[in-house]
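For reference, the structure discussed in these notes is given below.
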Amino acid sequence: MNVALYSPEEVSVELRRKVSPWTIRKLAREKKIEHTRVEHGKILFTEAQVKAFLESCVRLADSAPEVESEALAFQGTSRSRRARAGAATV
């Protein structure tokens with residue numbers, strides 16, 4: 001039985017580069033993505049493992065709370081908020 005195995009780079013291309021190969025490897029090392037290890041500890045993925053990961057991402061996105069994106073866009077970073085707060089007290 002031949003099972004196609006995909007490298008983190010190939011998985012990244014399949015995901016349209018939305019997730020970098022480095023992140024895919026990191027998630028595999030943290031056991032957040034099922035994977036297969038072959039000689040020299042190389043991390044590879046079967047098609048079923050990639051599909052399972054994608055389905056878990058969709059489930060997480062569906063269960064995420066709604067956020068007002070317009071409000072978040074104008075808040076800035078924590079650094080810029082501190083700078084504005086400091087400027088307001090001067």
Side-chain angles (χ1 to χ4, degrees):
M1 177 169 109
N2 286 337
V3 175
L5 295 173
Y6 302 96
S7 69
E9 289 78 12
E10 292 169 320
V11 173
S12 177
V13 169
E14 187 67 29
L15 298 175
R16 296 187 179 109
R17 300 264 181 212
K18 300 285 184 192
V19 182
S20 73
W22 185 89
T23 301
I24 293 169
R25 280 188 203 89
K26 179 179 177 231
L27 292 170
R29 283 192 298 270
E30 293 173 352
K31 298 185 180 3
K32 294 181 180 176
I33 302 176
E34 284 189 52
H35 60 282
T36 304
R37 286 205 183 247
V38 294
E39 66 218 26
H40 306 293
K42 188 173 181 178
I43 296 172
L44 297 175
F45 304 90
T46 64
E47 187 173 347
Q49 291 168 332
V50 174
K51 283 182 180 181
F53 171 65
L54 289 175
E55 288 173 7
S56 71
C57 290
V58 169
R59 275 185 263 124
L60 285 174
D62 289 344
S63 66
E66 290 294 322
V67 191
E68 292 184 36
S69 59
E70 187 175 320
L72 291 176
F74 294 106
Q75 288 181 357
T77 63
S78 59
R79 183 176 179 181
S80 66
R81 287 193 300 270
R82 284 194 306 270
R84 281 192 308 249
T89 59
V90 175

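- Note: H35 NE2 to T46 OG1 = 11.5 Å, rounded to the nearest 0.5 Å.
- Residues I33 and I24 approach most closely at CD1-O, 4.0 Å, considering heavy atoms.
- A single hydrophobic cluster is not seen to contain both Y6 and V13; linkage of ILVMFWY side chains at heavy-atom distances under 4.5 Å, directly or through other members, places them apart.
- In the displayed structure, E14 atom CD is contacted under 6.0 Å by at most 12 heavy atoms of other residues, nucleotides or ligands.
- Each of L5 and L27 belongs to its own hydrophobic cluster when Ile, Leu, Val, Met, Phe, Trp and Tyr are linked at side-chain heavy-atom distances under 4.5 angstrom.
- To the nearest 0.5 Å, atom CD of residue E10 and atom CG of residue L44 are 8.5 Å apart.
- W22 and I43 are assigned to two separate hydrophobic clusters, defined by single-linkage of ILVMFWY side chains at heavy-atom distances under 4.5 Å.
- Here the side chains of E9 and R25 are in contact, with some heavy-atom distance below 4.5 Å.
- Nearest heavy atom pair, residue P8 against residue P21, reads CB-O, 3.8 Å.
- Remark: K51 engages E47 in a salt bridge, criterion side-chain N to carboxylate O under 4.0 Å.
- In the hydrophobic clustering of ILVMFWY residues, with side-chain heavy atoms under 4.5 Å counting as a link, F45 and V19 come out together.
- The local environment of CZ in R16 is sparse, with at most 12 non-hydrogen atoms from other residues, nucleotides or ligands closer than 6.0 Å.
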